[in-house]
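Residue numbering restarts at 1 for every chain, and letters A, B, ... go by the order of the sequence lines.
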There are 2 protein chains.
Amino acid sequence: MQEKNQLSTLSLAILGLIGQKPLSGYDVRKVFSTTPMGHFSSSPGAIYPALKRIEKNGWIKGEVKNRKTLRPKLVFKLTDTGRKVLAEHLTRPVTKDDVMWHMDDLMLRFAFLGHVVGRKQTVKFLKEFAAEVEAHLSSLRQYMDEVRETMSPYGRLAMDNGLDSYRVNARWARRAIKQLQQSGE
Amino acid sequence: MQEKNQLSTLSLAILGLIGQKPLSGYDVRKVFSTTPMGHFSSSPGAIYPALKRIEKNGWIKGEVKNRKTLRPKLVFKLTDTGRKVLAEHLTRPVTKDDVMWHMDDLMLRFAFLGHVVGRKQTVKFLKEFAAEVEAHLSSLRQYMDEVRETMSPYGRLAMDNGLDSYRVNARWARRAIKQLQQSGE
DNA sequence: AATTTCATGTAACCAGTTACATGATTCA
DNA sequence: TGAATCATGTAACTGGTTACATGAAATT
């Protein structure tokens, strides 16, 4: 039905978590409110509707653990299509656009990737990521050289921060590739 | 009327830009679509309503440059209250929460800060920023030590990236402080 | 003459926020 | 027995997205 697997960041986060192990809405909220994944809202008004949407898409399925209680606890697990959609989303090519404006999504993708598709694909992702970051880095450097004089010291410092961030991401990716490559055979 | 200066990120970006020099909606869109500030949507459906909202708040005022054309060009400039609200927003203390979940907003604040309130206040901001980032860094490190063994290599790498990012931000801030301090007297 | 850029807007939609609401279970 | 935590949800609102729409001015 809905082909565009245009996962929102929140949906991706939820799908990825449930992919690791079945969770209830409350469990998801707990993860978002107590771990470094906490920049996602853990508000019920975000989580429960999102779970319903995702279930309606057929990517997860809720199972009622109603041990005679009135308040049923709904534990969601990934369906087969869900796993497929997730894997497809995670392994999409890394674009320039992603690197420029959706770095956080890329990191989220990485965090789930190894678990869903394994080491080889993860290394592939990281290589694309590194290449794209390095490309962007050099074009940013060029842009900066062009506008450097026209900017205030503050503007320059702000841009330096951007450069630093990309640089550290590139280095991290290269390091990660090495580690993953020598950890498996 | 509306006291809560709960600027959304987009409003802050617009307000900050207009604070540097008067701009039309089209000008704002152009900045968002051609500079590193481009992760803001430059879509008219975002910009024009936002400008109206901000104007209704009394923070900017549009002036029609209608050189007899039918399509008037609206150039917005910051009002006095606007400048006050902006300055107040930019100089708010840097919180742990900001550092954890709104790093991009902090960078945006920094980028405008020097222009709006000057070097001394900017340095103060950077010192708070550095301190808060360093504090968060050490608590993150601690958290990581606790959960390190329980995590997959992928999870560990993802967390490493987080640590790297904070580390580089802390270093950047310390460097920026030094530069700004020795650049003025 | 045709295309691109300037310039401003609206309408339908969607996702997320805040605040509210309910009630069971466990712990002090 | 009172508080905290478990557990799920709704309703009103807000802000941003996508797509549509219009037309002047400048460039090719």
Table please: side-chain donor-acceptor pairs of residues 107-114 of chain B below 3.5 Å, with sequence neighbours left out.
from     : atom 1 : to      : atom 2 : distance (Å)
B:Arg109 : NE     : B:Leu90 : O      : 3.3
B:Arg109 : NH2    : B:Leu90 : O      : 3.0
B:Arg109 : NH2    : B:Arg92 : O      : 2.4

Distance-only donor-acceptor hits, side chain of residues 34-42 of chain B, under 3.5 Å, sequence neighbours excluded:
from    : atom 1 : to      : atom 2 : distance (Å)
B:Thr34 : OG1    : B:Lys30 : O      : 2.7
B:Thr35 : OG1    : B:Val31 : O      : 2.8
B:Thr35 : OG1    : B:Met37 : N      : 3.1

Throw together a table of side-chain donor-acceptor distances under 3.5 angstrom for residues 135-145 of chain A, partners on residues two or more places apart or in other chains.
from     : atom 1 : to       : atom 2 : distance (Å)
A:Ser138 : OG     : A:Ala135 : O      : 3.1
A:Ser139 : OG     : A:His136 : O      : 3.0

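One interatomic measurement links the two molecules: NZ of B:Lys73 to P of D:dA26, which rounds to 12 Å at whole-angstrom precision. Rounded to an integer number of Å, the gap from NZ of A:Lys30 to P of D:dT8 is 10 Å. One atom, CG of A:Leu51, and another, P of D:dT10, lie 12 Å apart when rounded to the nearest Å. Rounding to whole angstrom units, CG of residue A:Leu74 and C1' of C:dA24 are separated by 16 Å. The separation between B:Glu55 atom CD and C:dT8 atom P is 12 Å, rounded to whole Å. Nucleotide D:dT14 holds its P atom 9 Å from the NZ atom of B:Lys56, rounded to whole Å. Protein atom CG of B:Leu7 is 16 Å distant from nucleotide atom P of D:dT14, rounded to whole Å. Following rounding to the nearest Å, B:Arg29 (CZ) and D:dT17 (P) show an atom-to-atom distance of 12 Å.
With sequence neighbours left out, B:Thr81 forms a side chain to side chain contact (heavy atoms under 4.5 Å, CB included) with B:Thr79. Legend: residues meeting side-chain hydrogen bond (donor to acceptor under 3.5 Å, both in side chains) with A:Thr9, ordered by chain and number and at least two apart, are A:Asp105. Partners of B:Arg175 according to the side-chain hydrogen bond (donor to acceptor under 3.5 Å, both in side chains) rule, which considers only residues two or more places apart in sequence or in another chain, are A:Asp164. Remark: A:Ser165 pairs with no residue by the side-chain hydrogen bond (donor to acceptor under 3.5 Å, both in side chains) rule, at least two apart or across chains.
Residue B:Tyr26 places none of its side-chain N or O atoms closer than 4.0 Å to OP1 or OP2 of C:dT8. For D:dT10, one of the phosphate oxygens OP1 or OP2 lies less than 4.0 angstrom from a side-chain nitrogen or oxygen of A:Lys52. The phosphate of D:dG9 has neither OP1 nor OP2 within less than 4.0 Å of any side-chain N or O from A:Tyr48.
Each end of the helix from C:dA1-D:dT28 to C:dA28-D:dT1 yields a helix axis from five base pairs, and these two axes differ in direction by 30° (to the nearest 10 degrees).
For the pair A:Phe125 and A:Leu106, the tightest heavy-atom approach, listed with the atom from each and the gap, is CZ-O, 3.7 Å.
B:Ile54 pairs in a side-chain contact (heavy atoms from CB on, under 4.5 Å) with only one of the listed residues (B:Ile60, B:Val85, B:Leu10, B:Leu7), which is B:Ile60.
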Produce the list of close N/O pairs, under 3.5 Å, pairing protein atoms with atoms of nucleotides 14-18 of chain C; give distances to one decimal.
from   : atom 1 : to      : atom 2 : distance (Å)
C:dG16 : OP2    : A:Arg53 : NH2    : 2.8
C:dT17 : OP2    : A:Ser41 : OG     : 2.6

